[in-house]
Amino acid sequence: MKAVHVLNGPNLNLLGTREPATYGTATLADIEASLQARAKAAGVALTFRQSNHEGDLVDWIQEAGKSGAGVLLNAGAFTHTSIALHDAIKGSGAIVVELHLSNVFAREPFRHHSTLSAVAKGVICGFGAASYTLAFDAILPHLP
Ligand code: CA2
């Protein structure tokens, strides 16, 4: 069965509780529910995870690479700083779609650079919770 792992980084557990103007009102649980429904309809096994710790994300990217699962990655602020996540994507061979709720290019300059985009299959940002469903649809044809 085709598989997709949705990996969420630091502070995304706070979604729906603060900063609704930037990140919307959906919680991470809401986003998971809508993706699980989409995955079921597409016959894809979906794993949904969040961690505030960079090493967890490294481990999960490696796991996805080993098992042949595609990855939808919202690495949060690690997007802008993490060589470890860049190396994990590159080294694991995982197919990764980088995604963001907000349009990072319309925000502070420090959010304009991603250490991940160069090793991602593609990038989706700025569509709120719909960034996740757009990323899911985008990765489907690339799953092994
Ligand atoms: O727009 C995105 O999805 C981001 O990846 C979100 C990260 C941010 O550092 C990136 O630049 C863009 C931050 C996630 C924090 O989420 C919160 C949600 C509610 C309240 C506070 C933080």
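We use all heavy atoms of the structure for the numbers below, so side chains are in, but hydrogens, waters and symmetry mates are not. Both ligands and their constituent atoms are indexed starting at 1 by order of listing. Just so you know, these numbers come straight off a predicted model, no measurement behind them.
- At a cut-off of 3.5 Å, with distance as the only test, a side-chain donor of Arg107 or Ser102 sits close to an acceptor on the other residue.
- What you find for Val96 and Ile89 is that their closest heavy atoms are CG2-CG2, 3.8 Å.
- To the nearest 0.5 Å, atom OH of residue Tyr23 and atom CG of residue Leu14 are 10.0 Å apart.
- Nearest heavy atom pair, residue Lys2 against residue Pro144, reads NZ-O, 3.5 Å.
- In this structure, His100 and His80 have parallel ring planes: the angle between them is below the 30° cut-off, well short of the 60° mark.
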Before giving the answer on side-chain hydrogen bond (donor to acceptor under 3.5 Å, both in side chains), spell out for Glu98 and Thr79 the whole-Å C-alpha distance, their side-chain angles and the decisive distance to 0.1 Å. CA-CA 9 Å; Glu98 174 187 342; Thr79 303; 4.9 Å; no
Would you mind listing each N/O atom of ligand 1 next to any protein N/O under 3.5 Å, plus the distance?
unit_1, atom_1, unit_2, atom_2, d
ligand 1, 1 (O), Leu101, N, 3.3
ligand 1, 1 (O), Ser102, N, 2.9
ligand 1, 1 (O), Ser102, OG, 2.5
ligand 1, 3 (O), Asn74, ND2, 2.9
ligand 1, 3 (O), Leu101, N, 2.8
ligand 1, 5 (O), Asn74, OD1, 2.8
ligand 1, 5 (O), His100, ND1, 2.9
ligand 1, 9 (O), Ala77, N, 3.3
ligand 1, 9 (O), Arg111, NH1, 2.9
ligand 1, 11 (O), His80, NE2, 2.7
ligand 1, 11 (O), Arg111, NH1, 2.9

